[in-house]
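In this text the structure is predicted, and so the values were computed from the model without any measurement.
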Amino acid sequence: MKHCFIILFLLSCGITLRAEHARTSSYSGEYGGGSGERFSHSGNQLEGAITAIRIRVSSRYIVGLQVRYGKEWSNYVGGSSGDLEEIFLFPRESIIQVSGKYGYYVRKLVFVTDEGRYFSFGKDDGTSFSAAPLFPNTVLRFISGRSSSVINAIGFHWDKYTSGCGVCKEEVQEEENKESVE
């Protein structure tokens, strides 16, 4: 009887651990139109956390974007018109919500961080959306969508940071070393 209890206990622990792991990632989107070439930064997230974003904006649309994961920039997607703007996150700061507007194209993006900062790009016109992770303690890990001469559509992938991220550990260690010197 004692052995049956131990086996049942171990099985239930295994099921619980797998269920918790499966419940950390979520997806929000796709917001925008159906045209354009698909893009995904799923492989870029292996370089580390999102540390900066470049957005190209015209008077009517989000024209293009590029995201820095750790110390590496993703490929640029979108067109070349409009003004290029750049934001940098603080060390260990994360994006926890993205809202915006869209029609056939993405018109506005607003990024909100866990430090209470927000960054707004584009025109306040179109259908509203608000994207946030489904599970607690998860953040924006990478972006996907469709692009042509503008950003046609965008989606947001949320998850926890992987503990095995070598670049993330290097960045945290560098920042801790800077703080200890001050």
Side-chain angles (χ1 to χ4, degrees), residues 24-29 31-32 39-102 105-124 129-133 136-145 147 150-151 153-182:
T24 61
S25 64
S26 59
Y27 173 73
S28 306
Y31 306 105
F39 71 88
S40 175
H41 293 169
S42 63
N44 298 91
Q45 69 176 317
L46 300 175
E47 298 297 328
I50 293 174
T51 56
I53 299 175
R54 290 179 179 147
I55 304 270
R56 187 173 293 279
V57 183
S58 74
S59 61
R60 296 173 40 195
Y61 309 111
I62 303 296
V63 175
L65 64 88
Q66 187 176 28
V67 180
R68 190 174 78 175
Y69 297 87
K71 296 179 181 179
E72 299 292 321
W73 286 98
S74 68
N75 290 333
Y76 177 83
V77 293
S80 58
S81 65
D83 298 322
L84 185 64
E85 300 182 40
E86 196 171 61
I87 61 167
F88 290 90
L89 300 181
F90 296 139
R92 295 184 290 271
E93 182 178 24
S94 299
I95 296 169
I96 58 168
Q97 181 183 2
V98 183
S99 60
K101 303 268 187 164
Y102 68 93
Y105 311 109
V106 178
R107 295 174 179 237
K108 182 175 184 171
L109 291 172
V110 180
F111 296 92
V112 180
T113 76
D114 56 359
E115 294 286 330
R117 298 195 305 157
Y118 71 94
F119 304 96
S120 181
F121 306 94
K123 183 176 172 118
D124 198 17
F129 72 87
S130 182
N137 302 315
T138 57
V139 299
L140 183 62
R141 288 301 309 271
F142 70 95
I143 294 173
S144 64
S147 69
V150 296
I151 300 300
I154 195 162
F156 306 97
H157 301 261
W158 312 91
D159 205 344
K160 292 183 178 183
Y161 290 123
T162 57
S163 59
C165 173
V167 175
C168 302
K169 289 179 183 176
E170 290 172 13
E171 289 174 358
V172 169
Q173 185 62 48
E174 287 174 11
E175 190 59 29
E176 288 173 352
N177 289 344
K178 287 179 188 175
E179 291 173 0
S180 66
V181 171
E182 295 173 355

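- By the 4.5 Å heavy-atom criterion applied to side chains, Arg68 and Phe88 are counted as neighbours.
- With His41 as reference, Tyr69 is the one residue of Tyr69, Phe142, Tyr76 to meet the ring pair (Phe, Tyr, Trp, His ring centres under 6.0 Å) rule.
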For the pair Val57 and Ile62, evaluate side-chain contact (heavy atoms from CB on, under 4.5 Å) and give the outcome as yes or no after the intermediate values. CA-CA 5 Å; Val57 183; Ile62 303 296; 4.2 Å; yes
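- The distance from atom OG1 of Thr113 to atom CD1 of Ile50, rounded to the nearest 0.5 Å, is 12.0 Å.
- Of all heavy-atom pairs spanning Ser28 and Ala132, the tightest one is OG-O, 3.5 Å.
- Note that CD1 of Ile55 and CG of Leu65 are 5.0 Å apart. Values are rounded to the nearest 0.5 Å.
- Residues Tyr105 and Ile151 form no side-chain contact, since every pair of their non-hydrogen atoms from C-beta on lies 4.5 Å or further apart.
- The environment of CG in Asp114 is crowded: more than 12 heavy-atom neighbours from other residues, nucleotides or ligands sit within 6.0 Å.
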Please determine whether side-chain hydrogen bond (donor to acceptor under 3.5 Å, both in side chains) holds for the pair His157 and Ser42, giving the CA-CA distance in whole Å, both sets of side-chain angles, and the decisive distance to 0.1 Å. CA-CA 9 Å; His157 301 261; Ser42 63; over 6 Å; no
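- Put simply, the side chain of Asp124 reaches to within 4.5 Å of the side chain of Lys101, judged on heavy atoms.
- Panel note: side chain Ser120, backbone Val110; no donor-acceptor pair is recorded below 3.5 Å.
- Checked by atom type and distance alone, the side chain of Arg60 never pairs as donor or acceptor with a backbone atom of Arg107 at under 3.5 Å.
- To the nearest 0.5 Å, the span separating CD on Gln45 from OG on Ser40 amounts to 8.5 Å.
- The one candidate from Thr138, Asp159, Thr24 that meets the side-chain contact (heavy atoms from CB on, under 4.5 Å) condition with Pro133 is Thr138.
- Of all the heavy atoms in Lys108 and Lys123, the pair that sits closest is CB-O, 3.2 Å.
- Expressed to the nearest 0.5 Å, how far CG of Asn44 lies from CD of Glu72 amounts to 9.0 Å.
- One finds the CZ atom of Phe129 at 5.0 Å from the CG atom of Leu109 (value rounded to the nearest 0.5 Å).
- Considering all non-hydrogen atoms of both residues, Ile87 and Phe121 come closest at CG2-CZ, 3.6 Å.
- The nearest pair of heavy atoms linking Arg117 to Glu93 is NH2-OE1, 2.7 Å.
- Partner of Ser147 under the side-chain contact (heavy atoms from CB on, under 4.5 Å) criterion, chosen from Ile154, Val106, Val77, Val63: Val77.
- For the pair Ile95/Leu89, a side-chain contact is recorded, criterion being any heavy-atom separation below 4.5 Å from C-beta on.
- Although no hydrogens or angles enter the test, the distance criterion places a donor-acceptor pair under 3.5 Å between the side chain of Ser74 and the main chain of Val67.
- Between Phe156 and Phe111, the ring-plane angle classifies as perpendicular under the 30° and 60° cut-offs.
- Atom OH of Tyr102 is surrounded by more than 12 heavy atoms from other residues, nucleotides or ligands within 6.0 Å.
- The distance from atom OG of Ser80 to atom CZ of Arg56, rounded to the nearest 0.5 Å, is 6.5 Å.
- Atom CZ of Arg54 has more than 12 heavy atoms from other residues, nucleotides or ligands within 6.0 Å.
- Other residues, nucleotides and ligands place more than 12 heavy atoms under 6.0 Å from the OH atom of Tyr27.
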